[in-house]
A.B. asks: 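Structure below; questions to follow.
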Amino acid sequence: MSLPLIYTHVMGSHGFPGWFWTALDKVKAGEYGATDEREMFDDATQLAIRDQERAGIDVICDGEMRRFFFVQTFYARMEGLEHLEPLRKTGLYAYDSVPRYRATTRVTVPKGLGTVDEFRYLKTQTDKPVKATVPGPITLSIHIQTRPGDGVYNNDRLALCWDMVPAVNAELKALAAAGADWIQVDEPSAAIVPGQLDEYVKMFNACVEGVSAKIGYHVCFGNLLSRPRGKRSYRWLFPKLLECRCHQFVFEYANREMAEIEMWREVGVDRDVACGVVDVKSFYMETPEDVAERLRRCLEFIPADRLSAIPDCGFFPVPRWVAAEKLKRLVAGATRVRAELTGKR
Ligand SMILES: [Zn+2]
């Protein structure tokens with residue numbers, strides 16, 4: 001795949017169009033048939049793809065229109081779970097409002113997570129290079145309760161995460177077999193539960209074992225309705241994270257005003273680094289020059305042929321118009337810096 005210098009891509013999810021939220025209510029109320037539903041998801045996916053293409057994004061994702069709140073749809077595909085009531089149902093929706101589950105048997109995902117069908121549809125809708133996205137085992141486990149004396153995992157979250165690994169590995173292999181040559185594993189939670197880093201790295205490497213595709217690894221600090229959850233630092237993850245068998249790290253920088261970007265000088269850049277240079281948690285519309293400035297800062301520490309430009313995280317928590325506008329500015333900023341590097345304007 002031939003991509004320009006400082007190419008642009010997206011994290012995965014796109015802002016839902018207004019009509020799509022209304023349609024989701026209709027589905028929930030049982031007012032849509034199977035064909036209505038398929039058309040609705042296909043149409044929303046096409047809009048997400050068109051928004052990226054219109055903005056001039058170089059590598060396209062399907063917008064994750066078939067997923068809800070990033071991971072919530074995956075639980076319906078798992079076996080061995082019992083649904084629990086959310087801990088808090090009133091007031092603002094946040095990390096303590098999400099649906100929860102308890103494992104009644106060891107959790108399996110016999111029919112896969114469904115990302116292969118998403119990818120196949122994406123391929124029919126664009127001629128541009130594409131990227132598939134799959135949540136990692138830690139992220140997939142976060143809504144499942146592991147408390148002392150509660151469920152088969154008792155208090156052992158790592159055992160639960162390890163049970164997700166075969167499913168993620170099978171998913172990645174199935175994606176590669178379906179033609180995905182670039183897959184991003186999303187693990188916002190790796191930075192959220194400190195203390196188990198060695199195990200996380202082992203788990204990541206087990207997930208990508210035997211997968212023939214370019215592997216991106218997105219680690220962020222949480223983005224539920226634009227709120228972070230973890231301590232917003234990558235520093236403690238290094239140098240251990242370098243043992244992850246990925247070809248690209250995908251990190252958020254814009255909402256932290258580029259904090260820790262200088263870390264790459266100490267760590268050493270031994271693979272591609274995609275830097276978040278558009279803040280998905282703010283309505284502030286970056287100007288192309290804002291984006292260009294952030295990219296120039298990245299270039300002080302990351303060689304141009306290793307660097308790519310991306311929004312900090314997924315666009316699910318922002319309205320579609322904000323997502324579409326920010327994508328245009330991402331491309332305009334990257335184009336500006338590319339021109340400076342190549343001397344072409
Ligand atoms: Zn993220």
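On a predicted model such as this, the values are computed, not experimentally measured, just so you know. Every number for a ligand or one of its atoms is a count from 1 in the order of the listing. Hydrogens, waters and symmetry mates play no part in the numbers below; they use all other heavy atoms, side chains included.
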A.B. asks: Say whether Thr139 and Glu187, considering side chains only, have a donor N or O and an acceptor N or O under 3.5 Å apart.
C.D. replies: yes
A.B. asks: Taking the six-membered ring where the residue is Trp, are the ring centres of Phe16 and Phe315 under 6.0 Å apart?
C.D. replies: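 No, the ring of Phe16 stays outside the 6.0 Å limit from the ring of Phe315, centre to centre.
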A.B. asks: Kindly say whether the aromatic ring centers of Tyr101 and His83 come within a distance under 6.0 Å.
C.D. replies: yes
A.B. asks: State yes or no: are the ring centers of Phe41 and Phe20 separated by less than 6.0 Å?
C.D. replies: yes
A.B. asks: By residue and atom, what protein N/O/S atoms are less than 2.8 Å from the Zn ion (ligand 1)?
C.D. replies: His218 NE2, Cys220 SG, Cys313 SG
A.B. asks: With Arg256 as the cation and Phe221 as the aromatic partner, state whether NZ or CZ is under 6.0 Å from the six-membered ring centre and within 45° of the axis.
C.D. replies: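 Ring-cation test returns no.
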A.B. asks: For the rings on Phe238 and Trp264, is their centre-to-centre separation under 6.0 Å?
C.D. replies: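 Yes, close enough.
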